[in-house]
Amino acid sequence: MSDKNEPASGFQYGLANLKPVSPTDNVSLTFPDGARREFPKNTTGLDIAKGISPSLAKRTVAMALDGVVSDLADPIERDASIEFISRDDPRALELIRHDAAHVLAEAVQSLWPGTQVTIGPVIENGFYYDFFRNEPFSLEDFPAIEKKMREIIARDKPFTKDVWDREKTKQVFRDKGEAFKVELVDAIPGSEPIKIYYQGDWFDLCRGPHMTSTGKIGNAFKLMKVAGAYWRGDSNNPMLTRIYGTAFAKQEDLDAYLKQIEEAEKRDHRKLGRELDLFHFQEEGPGVVFWHAKGWTIFQAVIAYMRRRLAEDYDEVNAPQMLDKSLWETSGHWEWYRENMFAAQSAGDEAEDKRWFTIKPMNCPGHVQLFKHGLKSYRDLPLRLAEFGVVHRYEPSGAMHGLMRVRGFTQDDAHIFCTEDQLADECLKINELILSTYADFGFDGELTVKLSTRPEKRVGSDAAWDHAEAVMADVLKRIAASNNRIKTETNPGEGAFYGPKFEYVLRDAIGRDWQCGTTQVDFNLPERFGAFYIDADGAKKAPVMVHRAICGSIERFIGILIEHFAGNFPLWLAPVQAVVTTITSDGDEYAKEVAAAARRAGLRVEIDLRNEKINYKVREHSLAKIPALLVVGKKEAESRSVSIRRLGSEGQKVMPTADAIAALAEEAIPPDIKRERSKA
């Protein structure tokens with residue numbers, strides 16, 4: 001079969017080109033279209049690709065055996081499914097970035113001999129490599145490094161792999177002055193092979209896999225930033241220089257990413273938080289938020305919205321902030337979650353006062369106690385308990401990031417106690433609530449729901465997990481079928497220690513994904529606490545407990561909102577909805593009348609009577625992201641009108657004051673209230 005006749009689908013590989021082989025000592029390979037062929041054992045993926053067609057071999061950069069990405073030149077030793085991975089396959093992106101990290105390391109050592117290389121992993125959206133050098137690298141070094149990287153890529157040297165003896169490896173790196181690599185070799189388990197990857201003459205210790213040559217990386221890469229990092233994250237170890245980079249298969253993908261980064265910097269909630277006077281952090285309260293009046297107004301608007309959405313179906317409760325550690329031992333948190341918890345011993349002198357207490361990292365044990373208080377019947381179920389509870393979780397100082405990652409935050413948390421028969425319907429109701437909530441906050445685009453299954457460390461029987469995961473998988477299918485903007489995925493091993501969960505990932509205005517809501521099914525915690533209800537047959541039965549959050553952390557959700565709207569909030573969320581300001585002092589008294597009328601209509605209004613030019617005031621309030629500016633002067637006072645300027649608009653509109661206020665008040669009605677009114 002000639003190359004031009006090779007099927008274009010990528011699933012039919014032109015297998016007729018392959019010669020039959022003897023079944024002795026062969027491996028059987030299954031291709032994506034279901035076809036099976038036998039090959040001599042230890043045949044490489046490259047050999048197979050070449051046997052199908054030269055063009056296939058040329059465009060293939062790696063292979064996947066039973067779904068695991070491998071070097072194309074690896075010998076195949078067992079029966080497997082096989083796929084050939086081209087450079088534009090999504091799975092190749094990690095390889096492009098991994099290879100780019102190796103090229104970065106070669107470029108640095110070429111330009112600055114004597115620099116030691118340590119580790120260079122792929123990370124989200126890119127890669128980094130850590131270097132040890134007496135003089136740290138800086139951003140000024142990037143042009144020279146990028147130029148050298150392009151030279152190395154242009155050479156298009158093949159990536160080849162050797163397996164070395166452990167002692168030989170250590171001696172080679174020791175002779176090169178690479179002390180960190182020697183330490184890395186010592187850390188590799190004795191059962192694992194020591195792999196060395198070459199790209200021309202330069203080589204590195206690496207697990208792999210890699211693409212076929214450096215030229216496959218392409219030129220759609222960029223070095224992004226430089227930072228300090230301790231070797232192995234230990235402050236007692238030497239300080240290294242970490243160079244971050246990113247790489248993509250296509251230049252347009254890189255350009256889009258860089259544009260997103262630029263836009264994200266403009267929208268950074270920490271920057272806008274300062275500029276808009278919303279909140280701050282300080283050293284005396286690491287990881288906890290100091291809310292300013294305007295930020296607290298947004299916070300309360302979000303809480304009020306959620307309270308309204310829950311009023312019909314949920315009972316709002318409040319559990320203690322601090323509980324004896326015995327509750328957390330029973331729940332399993334003390335064993336499985338201890339490193340994330342704040343605990344303290346009481347200071348009393350009496351022996352009975354020497355107890356350990358934990359500031360709650362979550363609300364679930366407290367809600368089980370509320371469920372247990374008083375006998376429950378199956379007729380009482382489902383019982384839905386909601387709490388806007390403040391929780392505290394330890395985060396390393398280096399991991400904290402504005403509102404997005406804090407140590408103290410408020411959850412819009414709820415726990416639903418139900419029967420097994422009610423479980424699926426409850427999960428679907430939660431799904432409807434989450435989707436409509438996100439739409440009300442302006443996230444009405446693509447959404448991903450991920451099912452996270454049992455982790456290695458967990459509580460409960462395999463049978464309970466089997467049942468919970470089966471229910472969740474069925475619900476996930478129904479969720480996907482209900483809405484064409486929802487994508488579904490599975491995250492094996494990423495569930496909570498007590499049960500599987502759904503994770504809701506929303507997409508913001510500039511295309512970034514944020515995981516917010518969760519639904520977690522728990523067959524274990526009620527049993528551990530001895531919680532039960534009386535079933536229809538009079539028997540005691542443990543309820544199923546569903547943990548759910550919609551916004552998740554209110555603090556983090558507000559951080560996401562700030563960046564999604566770039567601080568330009570819809571009117572119902574804006575902390576200051578309008579400012580009444582004057583052109584000259586002749587309009588002061590009328591401005592006070594307008595402001596008072598707007599407040600009576602329920603609007604959050606400020607008044608600006610400063611003796612400043614109107615253009616200065618307009619510019620200042622625009623920078624403060626005030627949605628509406630009501631400008632008045634002598635003429636407006638006489639005609640009982642206002643001149644309205646809306647944020648983001650160059651023009652202005654003169655309206656009767658009563659009409660202008662009524663229009664703003666209507667626009668400021670929260671979306672859930674509007675929806676309910678439309679039903680009436």
Novice: Can you tell me if Asp380 and Tyr533 form a side-chain donor-acceptor pair at under 3.5 Å?
Specialist: no

Novice: For a quick test of reading the model, state the closest non-hydrogen atom pair linking Lys360 to Gly389 and the distance between them.
Specialist: NZ-CA, 4.5 Å

Novice: Is it true that Arg393 and Glu395 make a salt bridge, defined as a side-chain N closer than 4.0 Å to a carboxylate O?
Specialist: no

Novice: State, yes or no, whether a side-chain contact exists between Arg604 and Val576 at a heavy-atom distance under 4.5 Å.
Specialist: no

Novice: To the nearest 0.5 Å, what is the distance between NZ (Lys487) and NZ (Lys450)?
Specialist: 8.5 Å

Novice: Tell me every residue that passes side chain to side chain donor-acceptor pair (under 3.5 Å) with Asp413, counting only those two or more places apart in sequence or in another chain.
Specialist: Asn363

Novice: Whether Asp522 and Lys501 form a salt bridge (side-chain N of Lys/Arg under 4.0 Å from carboxylate O of Asp/Glu) is what I want to check.
Specialist: no

Novice: Check Arg309, Arg308, Arg307 against Tyr305 for a side-chain hydrogen bond (donor to acceptor under 3.5 Å, both in side chains) and give me the one that passes.
Specialist: Arg309

Novice: How far apart are the closest heavy atoms of His367 and Ala319, and which atoms are they?
Specialist: CD2-CB, 4.3 Å

Novice: Any side-chain heavy atom of Phe441 within less than 4.5 Å of one from His564?
Specialist: no

Novice: List in chain and number order the residues that pass salt bridge (Lys or Arg N to Asp or Glu O under 4.0 Å) with Glu183, two or more places apart in sequence or in another chain; answer none if no residue qualifies.
Specialist: Arg232

Novice: Please assess Val117 against Asp130 for the test side-chain contact (heavy atoms from CB on, under 4.5 Å), listing each intermediate value before the final yes or no.
Specialist: CA-CA 6 Å; Val117 296; Asp130 287 346; over 6 Å; no

Novice: Would you name the heavy atoms of Ala468 and Phe523 that are closest together and state the gap between them?
Specialist: CB-CE1, 3.3 Å

Novice: Are side-chain N/O atoms of Asp324 and Ser326 paired as donor and acceptor at under 3.5 Å?
Specialist: yes

Novice: List the atom of Pro382, the atom of Ile416, and the distance in Å for their closest heavy-atom pair.
Specialist: CB-CG2, 4.1 Å

Novice: Measure the acute angle between the ring planes of His333 and Tyr498, then classify it against the limits of 30° and 60° as parallel, tilted or perpendicular.
Specialist: tilted

Novice: Only one of Phe127, Phe132, Phe131 clears ring-ring contact (aromatic ring centres under 6.0 Å, His included) with Tyr129; which?
Specialist: Phe131

Novice: Taking all heavy atoms of Cys364 and all of Leu525, pick out the closest pair and write down the distance.
Specialist: CB-CD2, 3.9 Å

Novice: Could you tell me if Asn431 and Tyr504 have a donor-acceptor pair between their side chains, going purely by distance under 3.5 Å?
Specialist: yes

Novice: Should the pair Arg512-Glu563 be classified as a salt bridge under the 4.0 Å nitrogen-to-oxygen rule?
Specialist: yes

Novice: Taking the basic N atoms (NZ, or NE/NH1/NH2) and the acidic carboxylate oxygens, is any pair closer than 4.0 Å for Glu446 and Arg485?
Specialist: no

Novice: Can you tell me how far apart CD1 (Ile673) and CH2 (Trp572) are? Round to the nearest 0.5 Å.
Specialist: 9.0 Å

Novice: Could you tell me how the ring of Phe281 sits relative to the ring of Phe279: parallel (under 30°), tilted (30 to 60°) or perpendicular (over 60°)?
Specialist: perpendicular

Novice: For Glu420 and His467, test the side chains for any donor-to-acceptor distance below 3.5 angstrom and give the result as yes or no.
Specialist: yes

Novice: So do Phe557 and Leu403 actually touch side chain to side chain, heavy atoms under 4.5 Å?
Specialist: no

Novice: Does the gap between the ring centers of Phe290 and His280 come in under 6.0 Å?
Specialist: yes

Novice: If the threshold is 4.0 Å, N to carboxylate O, is there a salt bridge linking Lys625 and Glu275?
Specialist: no

